[in-house]
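So that the names make sense, note that chain A is the first sequence line, chain B the second, and so on, each numbered from 1.
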Amino acid sequence: MRSLILAAGIVSLGQSALAETPVLSVLTYDSFVSEWGPGPAIEKAFEADCACDLQFVGAGDGAALLSRVRLEGAATEADVVLGLDTNLTAAAAATGLFAPHGQTPDLSLPVAWDDATFLPYDWGWFAFVHNRDFAAPASFEALAVSDARIVIQDPRSSTPGLGLLMWVKAAHGDRAGEVWAALADNIVTVTPGWSEAYGLFLEGEADMVLSYTTSPAYHLIAEEDDSKTAALFDEGHYMQVEVMGKLAGTDQPDLADRFLAFMLSDAAQEILPTTNWMYPAREPASGLPKGFETLIQPGTSLLLPAAEAEALRGAAIEEWRAALAR
Amino acid sequence: MLTLDGLEITLGDWTLRADWSLPTGVRCALIGPSGAGKSTLMLAVAGFVEPTRGRVIWQGQDLAGLSPGDRPVSILFQDQNLFPHLTVAENLGLGIAPNRRPTRAEQDRIAEVLDRVGLAGMGARKPAQLSGGQAGRAALARALLRQRPLLLLDEPFAALGPALRAEMLDLVAEVADETGATVLMVTHDPADARRLCDLTVFVDEGRAGPPADTAALFADPPLAVRAYLGL
Amino acid sequence: MARGAGALIPLAVAAVVGLVILASLAAVLGHGGAASVSAADWAAVRFTVGQAAVSAALSCVLAIPVARALTRRRFAGRQAIIALLGAPFLLPVITAVFGVVAIYGRSGVLNRAFEAVGLPAFSLYGPQGVVLAQVFLNMPLAVRMMLNGWAAIPAERLRLAGALGFGPGAVWRHLEKPMLATVLPGAALAIFVICLTSFAVALTLGGGPDATTVELSIYQAIRYEFDLPKAALLAAVQFGLCAAALALTWAATGAPGFGAGLDRAALPPAPRGWRRPGDALAVGLALVFVASPLVAVLGRGLWHLTDLPPQIWQAAGRSILIALPSGVLATAGALALALAPNRWAEGVAMLPLAASSLVIGTGLFLLLVPPFRPGALALPVTLAVNAALTLPFAYRALRPEALALRADYGRLTEALGIAGWARLRRIILPRLRRPLGFAMGVTVALSMGDLGVIALFADERSATLPLMVQRLMGAYRMDQAAAAALVLAGLGFSAFLAFDLWGRRNADA
């Protein structure tokens, strides 16, 4: 074991010795870094003309990312954090660790964006995904009275789970508790993360699963399977906006600014839809990949302001828990 | 000389006292009723039981603080005298050098001793392949190799038949004569004591000893000994 | 038996284990802020204890007839069944859950069969599903622990029982019951604590927020609320529960009283009559129960093995690189503690079972970053934490036989002055070969499963196989994830089999 620690030490020494080219360290969630995520392609495209070394550091999911930022505090070696969503940005901003982005990109989000600290790089609508041959309900209320069976994620351990909580809250306000109580008998189970829920759905354990309107695009484009679609809800669909921010303590502020701008360039935005399976935050000149035109288009986009989402969270979780308790 | 100097062993509300000496080279039997403390006394000499008071002295040296392996003692228990996973030769090797493999010369010596106790050619066997008498011989052979001046026997042959037991006692006598060892033996049978031991210690009612001449003791036993012998 | 320098080794092991567990807990606790535990958290404590107690009791009770049948009957395939029993426990939890779902889920084999014959559907999701999955994961472990217990009854005692014409009732009273009295409490404790700290099973199959475990509350406290003292407090509650269970176990454990034997092989009496089909039924049911989800896992992953990207094999190499030294460390540490005569050693050895890997990971992060870079720590920290977290399993396997070794040969070893290295090499290793092989197999296999610490430290270059499974699932690639999980399970199981076989190959006969 000692030799392993030594080896690891030597490797890290070696890396810093080579660090004559500037290193930009981007802290992000694990699936962004993975071979199947956007990370590798983004890294290649950015390094092509930055004369730098872009290093992604994966840290669990979106919530783990924020807790990692808080753990490291001002001592962090990261220059940019990428992968928080609007349910977490208020808490992230409150740490005081982030610097304003100072950019005015031409975004194509369905809602206005005026956050001075965080910039979106992609977004999606939450939706219940189901097989095309299933007659899906068209609202939470219709879902509650139907005998459709759904799998959802726990808002205490998963960002989609928290998104669903905010969706119900944004759509039904004070009636959210009643809606949850009515939904209780439709819920097969609540999983700790998105993967378990989506896996259970694919195994046929539920009629619908909480995911994104863009999920069917994965099956269509990557697997040439058009059997999945998403249910369009009359209340509108809550959005997940994934954002990035520059850390105030960065030793590469210019490079960090360049990276933020790059993430909104056509080169990066073209990569995201078919690796992260989300909508690009600024639609590239080439448009959306073929297949995205088949996806449902919600009429209303719901999104609670970050501060409101933060303030609501504790009580909303309690309300959810109480409504689903037996 | 082995001296038990004001020795007291207390286990719970039970106490055993002994205060006597044994000349070097003699063979002494410990007899007495079950539970009187014969084995406990022996374990105290071997270093497995801490005396509450008093000292165990061998040739002027207080043995307190010496671990069992460092004491001038070889002990044969009632059973489990051989490790079942080691061969007989390997078990004997532990008597010469417990913490390393025996050298070539030592291996020859092991073969010699095996021959000496009547186990010639059985060095490669595992203890499970030995009869009770053979296992006793192997354990004695190891004591022979250890060359310790005190040989303690805690009824190691109790399970053997009278003829075999007599044979083993004769072997003990030979081994003791050869090594000049002082022998302390726990037994239930006066015949064993008479066969092997010049002296006998009677252990009863919390008291052991002092050693008495074996022949004289059994010729004219005191009252307690009479009761024990069923006379 | 342990004097001088030898006594220092268990102390040193205890110090290291205690340091990893308690220092990380202290670091999390000391991060600042006020801890408050809500009513919901106490509800989680109640649910956690309830499901763990039921799962542990059921696992142990069901294991008894299976272990007994496997002990007293000889039939073709017996060894294979015993080996198979090692598998569920070593599966990555999420893989095991999907295996259970494939059999008992809404569209699983069972419900399709029920539907075909017009029976009402069985609902997997709820407390019943949690217990079912926990029993699937842990009952085979209980069987393995009991098999070791039965094997520890010396042939001499069994022969005596035969000579006295003991019927099954007498064998139960005089041999099996006292043996179980020494083995059962420990097995139940281990399973109880495993169930206590697992949250993926409870949450995925629990059906709703009622099925919340303490571990999930800890997760929430660290990830969303960033209330580290609360997380530490909950972790301390978890320790408290574990300590209470340990105390109960101590009170309930019988002393081993079989004495030594000469390693002669002997079978316990195999009663005839209705007990024969009874034993066949016990083994048959256990086989179907254990094998069916495994077959589902195998069938799910097998077809996609060829689709796996090459990075999987690098990750597999990295996992082996972590698992082997971690297993050696855990087994060596457990051996030192198992040989220690003191009872506190047992407390220390069981401590890591109750630890929350999330709290340990977070605490170590606070302690070590800075000065170290997280990426540089990923492999060594994972290795060390895995060693600490798997140590209790090695300890449980080694402890009973270490006790027996001391009772049977402790005096002889001391009388001959066999000490130090020679004692280890010539007495301890050969005498404890069987449980040592089992312990190495279990710790290596479990260490391949990572236990969730690496995610906090890993960068793109140090992903292990379990992390790859997660990444594949996160990227919609459920089929490839199933195949990668199969590779992971296969590697873990092969390692387990290799070490376990090494241990059971009887070199002494």
Checklist line | Beyond-backbone contact of C/V101 with A/E196, side-chain heavy atoms, under 4.5 angstrom | finding: no
Item checked: Segment of A/S215 engaging chain C (4.5 angstrom heavy-atom cut-off) -> both
Next item on the list: Would you mind checking which part of A/E318 comes under 4.5 Å of any heavy atom in chain C, side chain (CB onward), backbone (N, CA, C, O), both or neither?
Entry: side chain
Next item on the list: Would you mind checking which part of C/R300 comes under 4.5 Å of any heavy atom in chain A, side chain (CB onward), backbone (N, CA, C, O), both or neither?
Entry: side chain
Margin query: Does any backbone or side-chain atom of C/I222 lie under 4.5 Å from a heavy atom of chain A? Answer side chain, backbone, both or neither.
Written below: both
Margin query: Is it the case that atom CD in A/E223 sees more than 12 heavy atoms from other parts of the structure closer than 6.0 Å?
Written below: yes
Checklist line | Minimum heavy-atom distance C/R106-A/A206, with the two atoms named | finding: NH1-CA, 3.6 Å
Next item on the list: Please report the shortest heavy-atom distance between C/G207 and A/T189, naming the atom on each side.
Entry: N-OG1, 2.9 Å
Check: Considering all heavy atoms of both residues, which atom of C/P309 and which atom of A/W36 are nearest to each other, and what is their separation?
Finding: CG-CZ2, 3.2 Å
Checklist line | When A/L65, A/V190, A/I152, A/V151 are compared by non-hydrogen pairs under 4.5 Å with chain C, the top option | finding: A/V190
Checklist line | C/Y125 and A/E205: side chain donor to acceptor below 3.5 Å | finding: yes
Check: Would you say the side chain of C/M468 lies within less than 4.5 Å of the side chain of A/E35, judging by non-hydrogen atoms?
Finding: yes
Check: Quick one: what part of A/L88 sits under 4.5 Å from any heavy atom of chain C, side chain, backbone, both or neither?
Finding: side chain
Note to self: Working to the nearest 0.5 angstrom, can you tell me the gap between C/M473 CE and A/S195 OG?
What the structure shows: 5.0 Å
Note to self: Once you measure the plane-to-plane angle for A/H219 and C/Y476, does it fall in the parallel (<30°), tilted (30-60°) or perpendicular (>60°) bin?
What the structure shows: perpendicular
Notebook entry, point to check: Does some side-chain heavy atom of A/L202 sit less than 4.5 Å from a side-chain heavy atom of C/D479?
Noted result: no
Next item on the list: Write out, in numerical order, the residues from residues 154-165 of chain A with a heavy atom short of 4.5 Å from a heavy atom in chain C.
Entry: A/D154, A/P155, A/R156, A/S157, A/S158, A/T159, A/L162
Note to self: Other residues, nucleotides and ligands only: do more than 12 of their heavy atoms fall within 6.0 Å of CG on A/D185?
What the structure shows: yes
Notebook entry, point to check: Most heavy-atom pairs under 4.5 angstrom with chain A, which of C/L472, C/L205, C/L124?
Noted result: C/L472
Margin query: Measuring only between side-chain heavy atoms, which start at C-beta, is A/L71 closer than 4.5 Å to C/L228?
Written below: yes
Check: Measuring heavy-atom distances to chain C, does A/Y198 have an atom under 4.5 Å in its side chain, in its backbone, in both, or in neither?
Finding: both
Notebook entry, point to check: Among A/A222, A/S31, A/G199, which has the most heavy-atom pairs under 4.5 Å with chain C?
Noted result: A/G199
Notebook entry, point to check: Is it the side chain or the backbone of A/I317 that comes within 4.5 Å of chain C heavy atoms, both, or neither?
Noted result: side chain
Notebook entry, point to check: Where is the tightest heavy-atom contact between A/W194 and C/M478, given as atom of each residue plus distance?
Noted result: CZ3-CE, 4.1 Å
